[in-house]
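The structure appears below as structure tokens.
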Amino acid sequence: MTLPELSPQHAGFATRQLHAGERPDSGITPRVAPIYLTAGFVLEDFDQATDLFSTGDGYSYTRVANPTTDTVEHKVAELEGGAEALFVGSGQAAVAITLLGLLEAGQHVVSASQIYEGTRGLFLDNLTRYGIETDFVEDANNPAAWEALIRPETRALFAESIPNPRNEVLDIEAVAAVAHAHGIPLIIDSTLATPYLVRPLEHGADIVIHSASKFFAGHGAVLGGVIVDNGLFDVNSTLFPHLVNPTRTGGPSFADRVGGRARITYLREVMALRFGPTLSPINAFLIGQGIETLSLRVERQSANALGVARWLEQQPEVHSVDYSGLESNAYHELAKRYLPNGQGSVFAFTLKGGTDAARAFINALGVITHMTHLGDVRSLVLHLATTSHNQRTAEQLEAAGILPGSIRLSIGIEDLPDLIADLDRGLAAVRALTV
Ligand SMILES: *Cc1c(COP(=O)(O)O)cnc(C)c1O
């Protein structure tokens with residue numbers, strides 16, 4: 001018995017997050033896709049092995065493909081509206097594999113400056129050693145600023161849909177237009193948005209990346225990363241010879257073999273296979289379990305975040321709140337356009353009292369957990385300048401709007417009054433400093 005196929009055009013997001021990507025085998029039919037915890041798969045006979053190694057269709061070894069991971073890849077591709085998804089062991093691995101798979105020595109990336117610190121470090125410390133340079137755009141919503149930094153060697157633009165930590169919503173369509181005028185892909189790290197809030201491929205992005213450790217899992221138990229490609233690689237492009245030229249052994253090029261899916265196939269068959277950041281099938285299973293409740297969590301988290309942001313904005317100890325759901329926020333119009341279902345739950349706010357106030361505030365919290373993570377069902381808090389952003393100079397921090405009193409929140413699914421009571425305890429500790 002097999003379950004009937006789901007027709008995506010007739011199903012809503014919540015239905016698809018449960019049913020998409022499931023392909024039960026005939027015979028016995030477990031309702032939940034099982035964990036295939038195995039390094040490899042038995043080759044049926046001599047001829048099947050020959051076929052498998054020439055076509056790549058089928059399962060041989062978990063670093064190449066695994067049915068549990070496949071199920072979750074199909075689910076994510078479907079939810080993002082992409083052609084194909086590829087899971088790897090962490091979000092950082094997804095970013096690294098994507099960039100190393102597109103760029104080579106002597107080439108160049110233009111990135112938004114407000115991005116995850118791990119990605120910024122990858123650009124500045126690692127890719128530079130391989131001869132790949134990055135320039136950073138200060139105002140990511142100004143197309144002319146991107147245009148001005150593009151060189152003949154530029155092979156990718158990179159940005160986050162909701163940048164960490166200040167929730168400055170990206171005008172994806174404006175940046176995609178710049179990328180496409182140069183025939184290069186726009187890569188969007190959409191970790192903080194999730195496909196429930198915005199699907200960047202629908203706005204012209206070419207590749208979407210997520211740290212699945214965050215909202216996709218939601219439970220905070222595992223790490224994972226995923227790359228989703230729109231499958232629209234231009235097979236006539238001259239900018240990516242490794243995708244359009246014959247392979248090292250004289251076989252057909254990726255473009256000849258899989259057309260518009262050349263990029264993601266190269267990432268799967270060459271990058272993930274050779275560098276080897278394989279996701280464990282157990283982690284794939286746990287991420288898949290998380291995704292089944294993604295919309296419910298993100299809806300609740302966004303509503304809670306708006307409640308918290310509105311409350312913080314009223315407090316005398318608070319200097320500013322960076323949340324695009326607030327009418328007072330400079331990104332509110334973009335949020336209405338790109339994030340009508342909610343503006344996410346990761347944002348920063350700044351205490352007037354600087355580092356001392358931040359210390360007293362964070363140490364007084366009881367419900368909100370102090371840790372460097374986000375997208376969890378639990379609410380989390382982090383002081384930016386002394387932890388995640390401690391590699392930046394004072395000038396760089398100020399330019400990024402991160403002040404000594406700036407604190408990042410990742411709001412969970414708790415009861416809003418309990419969160420506000422906890423934050424109020426934090427502010428009481430700040431007030432106690434000044435009396
Ligand atoms: C956490 C995070 C990453 C890195 O993901 P890991 O799973 O921790 O490796 C990348 N981008 C963003 C926006 C993140 O929040």
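All ligand and atom numbering here is 1-based and tracks the order in the structure. Sequence positions, counted from 1, serve as the residue numbers for this chain.
- From the protein, the heavy atom lying nearest to atom 15 (O) of ligand 1 is Lys214 NZ, 2.8 Å.
- By heavy-atom distance, the residue among Gly89, Ala212, Ser213 lying nearest atom 7 (O) of ligand 1 is Ser213.
- Under a 4.0 Å heavy-atom criterion, Asp189 is in contact with ligand 1.
- The side-chain tip of Arg257 points at the ring of Phe254 from less than 6.0 angstrom away and within 45° of straight on.
- Polar contact check, Gly91 against ligand 1: a nitrogen or oxygen pair lies under 3.5 Å apart.
- Closest to atom 9 (O) of ligand 1, if we only count protein heavy atoms, is Gln92 N, 2.8 Å.
- Residue contacts with ligand 1 include Gly224, since one or more of its heavy atoms lies under 4.0 Å from the ligand.
- Below 30°, between 30° and 60°, or above 60°: for Phe41 and Tyr59 the angle between ring planes is between 30° and 60°, a tilted geometry.
- Atom NE2 of His370 sits about 10.5 Å away from atom CG of Leu380, to the nearest 0.5 Å.
- For Gln396, the CD atom is densely surrounded, since the number of other residues' heavy atoms within 6.0 Å is greater than 12.
- Salt-bridge check for Arg155 with Glu104: failed, with every basic side-chain N at 4.0 Å or more from each acidic carboxylate O.
- The residue among Ser211, Ala93, Ala96 with a heavy atom at the shortest distance from atom 8 (O) of ligand 1 is Ser211.
- With salt bridges taken as basic N to acidic carboxylate O contacts below 4.0 Å, none links Glu327 and Lys336.
- In terms of protein heavy-atom proximity, atom 3 (C) of ligand 1 is nearest to Tyr116 CE2, 3.4 Å.
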